[in-house]
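All remarks here apply to the structure that follows.
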Amino acid sequence: MTGSRELPDDAAADGGAGAAVPVRGVRHAGSAPAGIEGEASAGAAGAARTAAGLARACHPGPAVAVTTLVTVLVAVAGWGPAGAALTALAVLTGQLSVGWCNDAVDAARDAAAGRTSKPIVAGLVSARTVRVAAFAALAACVPLSLACGVVAGATHLVAVAAAWVYNLWLKGTAASWAPYAAGFGAVPVFVAAGTPRHDLPVSPPAWWAVLAAALLGCAAHLANVLPDIETDVATGVRGWPQRLGPARVRVLLPLPLLAASALLVVAPPGPAGPVRWLALAGVAACAAAGLLLARRVPVAPFAAAIGAAGIDVLLLAATPGVVTGG
């Protein structure tokens with residue numbers, strides 16, 4: 001999938017100069033040879049190291065956040081416990097595949113930039129192992145998604161495919177925002193298409209819900225990339241946020257968050273009640289906090305974007321006309 005230079009496989013690393021060597025000699029009755037015990041210990045340590053590397057390489061923060069937000073939305077929309085659990089598995093496997101694909105593709109750039117916090121660069125796991133995990137998660141995502149309903153499953157798979165296209169191609173282009181907008185914008189479509197009985201034809205979601213979700217996707221892209229812009233530029237990545245530069249991204253980031261929330265307040269039919277306005281104030285507070293703390297706390301913009309998205313998801317779930325057009 002990439003032309004990157006791979007680090008040695010974990011299993012090979014475990015068999016290097018520091019590996020245990022069988023010891024010949026007298027042993028106590030009933031005890032295992034010291035060499036076997038050492039090999040077992042080394043094997044267990046290698047497996048634990050690989051597991052830790054995979055856990056870090058999957059981008060656990062975004063994976064857990066997206067899975068939780070979508071699962072909450074479908075649960076409130078009436079899918080029931082079984083539907084919510086199935087959604088969680090489908091979304092999680094999709095997110096795992098995307099995160100692992102991203103780290104495998106970026107392995108060479110991360111090594112060139114000296115990003116030792118990356119598990120592949122740190123030697124916790126090989127690029128080949130991460131690639132295999134990405135394809136395995138993608139293979140599991142397909143049946144789990146389709147089990148949510150044919151239309152819902154196809155919608156989710158299109159969103160996952162868009163994320164893979166971002167990793168493999170669009171990440172370094174001015175259109176890097178498009179996969180994020182498509183992936184987030186697909187969420188209301190997924191919810192509408194996967195109503196409990198999967199009845200056909202499927203009623204489309206409200207247009208303003210799709211647009212608001214797409215705007216949240218653009219905000220998530222800006223927030224996710226912001227801490228790494230300077231390093232990305234140094235390694236040749238020239239996506240939309242990198243072209244804008246960190247200063248402009250910090251100023252721009254609150255705008256799609258506020259625009260999405262404003263849509264959810266004013267676009268639904270009927271007067272906007274105090275709950276909607278309170279939600280908008282909460283999003284504004286998150287956006288302001290992310291903007292003010294961005295320089296001192298690199299993860300603050302992303303945390304603020306997730307907080308705002310959480311508020312908007314609850315607002316979506318509580319607003320009539322989201323699951324069906326209105």
Side-chain angles (χ1 to χ4, degrees), residues 59-66 68-69 95 98-99 102-103 106 109-110 112-118 162-163 166-167 170-185 187 211-265 277-315:
H59 297 214
V64 171
V66 172
T68 300
L69 292 176
Q95 290 298 306
V98 171
N102 184 276
D103 263 30
D106 287 349
R109 280 193 294 262
D110 290 337
R115 289 175 173 169
T116 55
S117 61
K118 291 289 188 175
Y166 169 84
N167 289 337
L170 291 180
K171 180 176 182 177
T173 72
S176 61
W177 58 271
Y180 275 83
F184 277 70
V187 172
L211 181 55
L215 287 168
L216 288 177
C218 292
H221 179 36
L222 293 171
N224 194 37
V225 173
L226 178 57
D228 299 321
I229 286 180
E230 293 179 356
T231 305
D232 286 340
V233 171
T235 55
V237 178
R238 296 281 296 170
W240 177 46
Q242 291 87 355
R243 294 168 191 244
L244 290 173
R248 290 177 181 174
V249 169
R250 290 190 194 98
V251 174
L252 179 62
L253 176 56
L255 300 183
L257 292 174
L258 293 172
S261 303
L263 263 177
L264 297 179
V265 170
W277 291 112
L278 184 62
L280 181 59
V283 169
C286 288
L291 180 63
L292 294 174
L293 297 175
R295 291 184 180 274
R296 288 180 293 173
V297 185
V299 299
F302 183 76
I306 292 299
I311 294 173
D312 284 340
V313 163
L314 295 177
L315 193 56

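Counting begins at 1 with the first residue of the sequence.
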Rounded at 0.5 Å granularity, tell me how far [atom1] in [X] sits from [atom2] in [Y].
X: C218; Y: L253; atom1: SG; atom2: CG; result: 11.0 Å
X: L69; Y: F184; atom1: CG; atom2: CZ; result: 8.0 Å
X: T235; Y: D110; atom1: OG1; atom2: CG; result: 8.0 Å
X: Q242; Y: T173; atom1: CD; atom2: OG1; result: 10.0 Å
X: Y166; Y: N102; atom1: OH; atom2: CG; result: 7.0 Å

Provide the closest heavy-atom pair for [X] versus [Y] in the form atom of the first, atom of the second, distance.
X: G245; Y: I229; result: C-CD1, 4.1 Å
X: L170; Y: P179; result: CD1-CG, 3.7 Å
X: P254; Y: A287; result: CB-CB, 3.8 Å
X: P241; Y: S176; result: CD-OG, 3.6 Å
X: H221; Y: W177; result: CD2-CA, 3.6 Å
X: A305; Y: A223; result: CB-CB, 3.9 Å

- Using the salt bridge (charged side-chain N to carboxylate O under 4.0 Å, His left out) rule, take K171 and D106 through it: C-alpha gap first, then chi angles, then the decisive distance, then the call. CA-CA 11 Å; K171 180 176 182 177; D106 287 349; 2.3 Å; yes
- Intermediate values then yes/no, side-chain contact (heavy atoms from CB on, under 4.5 Å), L226 and F302: CA-CA 8 Å; L226 178 57; F302 183 76; over 6 Å; no
- Got H59 and D103 here, is their nearest side-chain heavy-atom distance under 4.5 Å? yes
- Task: Return the set of residues passing salt bridge (Lys or Arg N to Asp or Glu O under 4.0 Å) with R250 (not counting sequence neighbours), or none when no residue passes.
- Result: none
Counting only pairs under 3.5 Å, give me each side-chain donor-acceptor contact of residues 256-263, with atom names and distances, residues two or more places apart or in other chains.
unit_1	atom_1	unit_2	atom_2	d
S261	OG	L257	O	3.0
S261	OG	D312	OD1	2.9
S261	OG	D312	OD2	3.0

- Task: Only pairs at least two apart or in different chains count here, so list each salt bridge (charged side-chain N to carboxylate O under 4.0 Å, His left out) that has a residue in residues 215-243.
- Result: R115-D232
